[in-house]
Structures are given as structure tokens and as C-alpha cells.
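Report on the following structure.
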There are 2 protein chains.
Amino acid sequence: MARPSQAKENLIKAAYDLIWETSYGATSVDDICARAGVRKGSFYHFFESKAHLTIATLDAGRAKHFPELNEIFSPLVPPLERFVRFAGYVLFYQQERLALTGHVCGCALSSLGSEVGSMDELIRTHIIDIFSSHLRYYESAIRDAAREGLIDGTDAPLKAKMIQHYVQGALTHARVLNDLTPVHDMARSMLHILGAKPDLIPALS
Amino acid sequence: MARPSQAKENLIKAAYDLIWETSYGATSVDDICARAGVRKGSFYHFFESKAHLTIATLDAGRAKHFPELNEIFSPLVPPLERFVRFAGYVLFYQQERLALTGHVCGCALSSLGSEVGSMDELIRTHIIDIFSSHLRYYESAIRDAAREGLIDGTDAPLKAKMIQHYVQGALTHARVLNDLTPVHDMARSMLHILGAKPDLIPALS
DNA sequence: AAAATACTTGACTAAACAGTCAACAACCAC
DNA sequence: GTGGTTGTTGACTGTTTAGTCAAGTATTTT
């Protein structure tokens, strides 16, 4: 019968944190074990390799964040407000991670995908799948906003991609500059990209 | 008297190519030497470390690209056309690199900065400096376009940042998805972000 | 109490890696 | 032709790294 253990979850959390803070390549199996408080034998009991653990961190991240994104992008939320709330959600996690690490960490998926994407097909396709989900949140909100006459509805898919690319570029910049200004500008910029009229924009908190 | 040698230039080019193709961490000194066709003793004769060589690649990239960017963003070029030409310039280099490597490589600065920025301050500040220059190209073009009545001139600095973040997000996506579609969409999207009226947009080639 | 299952360990192995070094070679000035 | 300067070499060293393994331990079921 199974012997209860937190080792697996601790390894996933440790890998998630370390890879996001620095990079995939700079994060060794020993580093992850040290952060998780387990020994290498345990690591390899649960995971075939660092790459397999990384896939588990992506799945854990999805499990953690998608319920929250479902709330933010719920069809019950006024469409443009979804983007404002989303900007708040991004800022919240960036500030939290900044407090823990001392520097802005940006988008974990984007950094990981960029670094590892040409060398590990499994990690790459997992990230692409998550990116596709994000894109559908944006598209749905854009269509709903157009239906309410809040914005011009032409080319919703392209606008969704603009939003997605802009958000990730802003997070990458925040990380490189070690400065949250791009994240603070996010709500306003997304609404600008969508062509929302200023008087129709919900309060930017 | 100096003994003529191409070793240094070959090392710089090799490092530039390999780091852009894969990543900083996945590129070893041995890899660079193999690609450059020199031995490790020569590597360390010219460069103190891989990090120092990377700084040299950033300087070389700047020397190569800035004359071209000066032409693209010349005040003699109609402002909105500068963005269209810039998109063409980005596409050209992405297609060239795709042909050489078999996969989309995205923005070398962005990838490198994201991967290494929290661990090497010298590399980070070099990249930030280059980013600042790019931003000034965008701002200048935006102000010129506003002066000509082509776009709304409010908040030129924020729009320049939107452009910059969007461009880098698009390139990161192109790299992760291994698909140039985001780069093909770039001209159109940048002009949309700037709020350019369709009839004022120069021909999208 | 015994057996089965799952978790834990850290020394160990082999490979990868950054960086060093003394010696040699090529080029140019004198 | 000689001496000075610069470039080249690859075996070598020490460290880092991923991954293995036999043995031990903890938990649960029978």
C-alpha cells in the first residue's frame, strides 16, 4: 500500500520555482533536490529525468491557474473587464514572485519555451497547448465585446494574437529590465490594442 | 607585429549563431570552437570566458544591424512605411535563419536576455542598451507620423513600448510554435496598434 | 506478526564541461 | 637571418552534472 509522501509535490514546486527564477539549463537536478528537501534517489524514483519533471510542472501550473483564468474570462464578466482583471492577475503573480526572488521573473512559459523549445519537443508541445488555451480566452472576450458594440469586431483572431504577443513581450521586457512598469501598463495597452473607446473602459485599478 | 587571423571573428560568428539557434546554456565552449574551426587554446587567448564572448557577439550584432536600422528608420522615410520596412527586415532575417537551421529562431536578444538576464549583469545591461535604441527608433517614427496627421499622437512613448513588446512577443511565439505566421502579421499588427487608418497604410508587401 | 508496496538514501559511475598551460608556429620589423 | 609579437595547440586538471543502484525504512494490508 502506498506510503504517504510529499516528495513528489515538493519536487514539482521546487522545479517550477527554480526554472522560473533562473532558467531551465541553469537549474540542475541537485538544485531541485536541495530546494525540495529530498535526495536524488527520490527524484529518480518519481521522475525519469529533469525534462519529465518539467512536464509535470507545466501540468501543475495549468491545474493551478486555469480555474482562476476561467473566473477572470468567465462569460458572466463584462468582456473588457476580463482584460483588466487579467492584467491584475498577471501583476499579482509578478509582484509575488518579485518579493520572493528579488527580481522580476516574467512569463515562465515564454522563457521556458524560448530556451528549450528547439531541443525538447514534448516540452514545446505542452507549452503550445497552454498558449492555445490562452488564445481562446482572449478571442472569446473579444467576440463578446464586439457583440456588445464595445469594440470593432473585425479580425478577432488577429487581435487575440496581438494581445497574446504583446502580453508576452511585455513580460519578457519586465524580466530583462527587472522592472514591473510594462506590467503596470498592461491593462491600458491591451484596451488600446482592442480599440476600446476610453469612456467604455472599466475602471483601471 | 600582429599575425593575421580570422579566429576571433569566427568565434564571434559561431557563438552568435549557436546561442541564437539553441540557447546560451546549451551552447558549450567546445561547441563554439567546433563551429568556429579553432581549438580551445585559441578561444581563451581571445576571450576570458563564454560570457565575454557573448558580449562581443552583442557588439558585433549591433555593428551589423544598426546601419540597416538607421536606413529603415531614417527620417527621410515616410513614418508609417518605416514600420512596414522594419517588418520586412525582421521577416528577412527570420527566413534566412530558418533556412539555415530548420526552425524559427525568434529574437536573439530577447531569448538571451530572458535566459541569462538574472544571472549575468553585464549581458543584461548590454541587451537593455540595445532595447533602448530600438525604442527610440519607434518613438521617433511615431512622433513623425503624428506630426503628419497620420495617427493620433497621444502617448507616443507608451505606443512605442506597445510596439516593442508586441514585436518581441510575436518573435517569441514564432520561435516556440516554429511558425513564421506571427512575423507575417507583424506589419499589419503594428499599424493597427498605432491606430493608422487603413487608407493611410503604405502597401503591405 | 508477517508480507507487500512504496519511499528514501548517498556513494558511486561516467560523461560533460570550463579553463590552464608549456611548447610550437607564423608573421613582420629590423 | 634574427628577434619580437601574436596566434595556435590539445592533453590535462578539476568541477559539475545526470543518472544508477543495492540496501534500508516506513506504511499499509493480510
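By convention in this document, chain letters (A, B, ...) are assigned in the order of the sequence lines, proteins followed by strands, and residues within each chain are numbered from 1.
Using a 4.0 Å cut-off, no side-chain N or O of A/Ser5 falls inside it from OP1 or OP2 of C/dA6. For the pair A/His45 and C/dC7, the criterion of a side-chain N or O lying under 4.0 Å from OP1 or OP2 is met.
Note: CZ (A/Arg3) to P (C/dC7) measures 8 Å, nearest angstrom. Nucleotide C/dA16 holds its C1' atom 15 Å from the CD1 atom of B/Ile32, rounded to whole Å. We find that CG of B/Leu11 is positioned 13 Å from P of C/dA18, with the value rounded to whole Å. Rounded to an integer number of Å, the gap from B/His52 NE2 to C/dG19 C1' is 14 Å.
Within a 6.0 Å sphere centred on CD of A/Glu71, heavy atoms belonging to other residues, nucleotides or ligands number 12 at most.
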Item to complete: Would you give a per-nucleotide map of nucleotides 13-20 of chain D, 5' to 3', where B means the base has a protein non-hydrogen atom under 4.0 Å away, S means only the sugar-phosphate does, and - means neither?
Response: -----BBB
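Every salt bridge (Lys or Arg N to Asp or Glu O under 4.0 Å) that A/Arg82 has, sequence neighbours left out, goes to A/Asp144. A search for salt bridge (Lys or Arg N to Asp or Glu O under 4.0 Å) contacts involving B/Asp129 returns B/Arg62, not counting sequence neighbours. Partners of B/Tyr138 under the ring pair (Phe, Tyr, Trp, His ring centres under 6.0 Å) rule, at least two apart in sequence or in another chain, are B/Phe73, B/Phe86. Remark: A/Glu121 pairs with A/Arg124 by the salt bridge (Lys or Arg N to Asp or Glu O under 4.0 Å) rule, at least two apart or across chains. Applying the salt bridge (Lys or Arg N to Asp or Glu O under 4.0 Å) rule to A/Asp120 yields no partners; only residues at least two apart in sequence or on another chain are considered. Looking at residues two or more places apart in sequence or on another chain, you find a ring pair (Phe, Tyr, Trp, His ring centres under 6.0 Å) between A/Phe131 and B/His173.
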Only pairs under 3.5 Å count here: list side-chain donor-acceptor contacts from residues 5-15 of chain B, not counting sequence neighbours, and write none if there are none.
{"residue": "B/Ser5", "atom": "OG", "partner": "B/Ala7", "partner atom": "N", "Å": "3.0"}
{"residue": "B/Asn10", "atom": "ND2", "partner": "B/Gln6", "partner atom": "O", "Å": "3.4"}
{"residue": "B/Lys13", "atom": "NZ", "partner": "B/Asp17", "partner atom": "OD2", "Å": "2.8"}

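Residue A/Pro4 places its side chain closer to D/dT27 than to any other of D/dT9, D/dT27, C/dC7.
From B/Leu109, atom CG reaches atom OG of B/Ser114 across 12.0 Å, with rounding to the nearest 0.5 Å.
As judged by a 4.0 angstrom heavy-atom cut-off over every strand, A/Ser42 is placed among the base-contacting residues.
Against DNA chain C, the stretch residues 115-127 of chain A makes no heavy-atom approach under 4.0 Å.
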